[in-house]
Visitor: 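Sharing a structure below in structure tokens format, with a few things to ask.
Remember, it's 1-based here, ligands and their atoms both numbered in the order they're listed.
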Amino acid sequence: MKIMKILVFNSGSSSLKFQLFVKADLSVLASGLIEQIGDLKSAAKLSFVDSSGLLARELKRSDPVADHREAIKVMAEMLRESGTLVDSGELAGIGHRVVHGGEAFHEPVLIDEIVIADIEELIPLAPLHNPANLMGIRVAMEHVPQISQVAVFDTAFHQSIPEHAYLYALPYSLYEKKKVRRYGFHGTSHSYVARQAALYLDRPLNELNIITLHLGNGASAAAIRGGKSIDTSMGLTPLEGLIKGTRSGDLDPAILFYLGRESGLDMDALDTLLNKESGLKGICGENDMRTISEAADRGDSRARLALTMFCYRLQKYIGAYMAALGGADCIVFTGGIGENSATVRQLSCQGLERLGLTLDQEKNRIRQKEILEIQAADSRVSLLVIPTDEEYEIASQTLQVINKLMAS
Ligand code: AMP
């Protein structure tokens, strides 16, 4: 009998990340990344891991890849050669990550021309991401038009946030006319780890108040009541909220007027300053938390300051979301930093004992791939380290849409 599969695409402007799952149990068959697409001068970077056999194989090639159309062909070839996907008839569906779904999308949807037009319309809200995501969708639809394709949005999980939390205190007409509001991102990660937390705690998700902290190169926090996001730290764009690798996170907006007037910086220069030259990098010259932690351990005062600022901002969001939720049952750390940095977890929980949150220092230092529970015995709040898996979540949501389609 033919084993049916689900393919997940995360298409960037010059990259294509993909992962192939078995439909029945969502186990991973293969995954890969094609980078430097469109750069004809230097060879594209390709990597592919086939995990269907007893041994994982890694193939690397170095031919240039002209565009996403060619990238999909290269991917199909790699899948065919590895024997993981010999024929497109084995595909039950393809799930595409789409960064911005605006207010139009509360859940994953089957892609058709109307959905494509809606994603296109949202380009002004995500000028870098949505066009790249659309490129992957268009090329995949061209390549295998007979396969159901599903869009899974980073913003969709946060569409449950109530009006009083998603509106900015600006003239209401800006929301009506320009859709200026909080959207939030990392939705697939926040929803995945919240569900995993409930499963781990063996409690119904709809009875839990959870704060999820996705801490990677981008970072965001979410307050989740009964499985629904009620607030999140990223806003109209991913700039707001926590301190990130190169992004400032929250600041006094008047700083922009001040810099515009006093230093003559124009809009583009301010955009670059806040998105690319700020955050951890702005403070200590480095955006990688591992390097920063090592420098802080060696006594580098700027690295130590960047680390302290990152954790202090995080701690303020934990406090704010405990208030927003009226108390939390569980706090989840995830993302490259959340999963790996015992120091960040320790500094961000430090001093919160009166809020019912006590870390076990020993447990916090354990490193493992599975879910790790790190609260002390007397902590009222569970503290969990949960590895995120956005591709799995996209595959799972894609499957839900396909199953609904087949049932109808
Ligand atoms: P992500 O964007 O989720 O891949 O996370 C990337 C971030 O995780 C980078 O800042 C890395 O330095 C950080 N990271 C990964 N491993 C560690 C570690 N062992 N300690 C501290 N930070 C880490």
Visitor: Judged by atom type as modelled, is there a donor-acceptor pair below 3.5 Å linking the side chain of Ser263 to the main-chain atoms of Leu265?
Guide: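 Absent.
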Visitor: Looking only at protein heavy atoms, identify the closest one to atom 6 (C) of ligand 1 and say how far it is in Å.
Guide: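 Ranking protein heavy atoms by distance from atom 6 (C) of ligand 1, first comes Asn217 N, 3.7 Å.
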Visitor: Among Asn340, Leu280, Asn287, which residue places a heavy atom closest to atom 19 (N) of ligand 1?
Guide: Asn340
Visitor: Could you list the atoms of ligand 1 found under 4.0 angstrom from a heavy atom of Ser341?
Guide: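 Atoms satisfying the 4.0 Å criterion: 21 (C).
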Visitor: When the ring planes of Phe153 and Phe105 are compared, do they come out parallel, tilted or perpendicular, using 30° and 60° as the limits?
Guide: parallel
Visitor: Is NZ or CZ of Lys23 both nearer than 6.0 Å to the six-membered ring centre of Phe21 and within 45° of the ring axis?
Guide: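 No; the conditions do not both hold, so Lys23 does not lie above the ring face of Phe21.
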Visitor: Can you tell whether the side chains of Arg97 and Glu390 come within less than 4.0 Å, N to carboxylate O?
Guide: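 Glu390 and Arg97: not salt-bridged.
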Visitor: Hey, is the main chain of Ser31 close enough, under 3.5 Å, to the side chain of Gln19 for a donor-acceptor pair?
Guide: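 Side chain of Gln19 to backbone of Ser31, a donor-acceptor pair under 3.5 Å: no, none is there.
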Visitor: I need the nearest protein heavy-atom contact for atom 7 (C) of ligand 1: residue, atom name and distance, please.
Guide: Ile337 CG1, 3.7 Å
Visitor: Taking Thr398 for the side chain and Ile394 for the main chain, is one N or O donor matched with an acceptor at less than 3.5 Å?
Guide: yes
Visitor: Among Ala219, Gly336, Gly245, which one puts a heavy atom closest to atom 5 (O) of ligand 1?
Guide: Gly336
Visitor: What's the shortest distance from atom 10 (O) of ligand 1 to any protein heavy atom, and which residue and atom give it?
Guide: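 Looking at atom 10 (O) of ligand 1, the protein heavy atom closest to it is Met289 N, 3.0 Å.
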Visitor: What protein heavy atom sits nearest atom 22 (N) of ligand 1, and how far away is it?
Guide: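 The protein heavy atom lying closest is Arg290 N, 3.5 Å.
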Visitor: Show me which atoms of ligand 1 lie under 4.0 Å from any heavy atom of Gly216.
Guide: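 The list of qualifying atoms is 1 (P), 2 (O), 3 (O), 5 (O).
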Visitor: Please state which protein non-hydrogen atom is closest to atom 12 (O) of ligand 1 and give its distance, to 0.1 Å?
Guide: Asp288 OD1, 2.6 Å
Visitor: Identify whether NZ of Lys or CZ of Arg in Arg181 sits under 6.0 Å from the centre of the six-membered ring of Tyr183 and within 45° of that ring's axis.
Guide: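 Because its charged atom sits under 6.0 Å from the ring centre and within 45° of the axis, Arg181 does stack over Tyr183.
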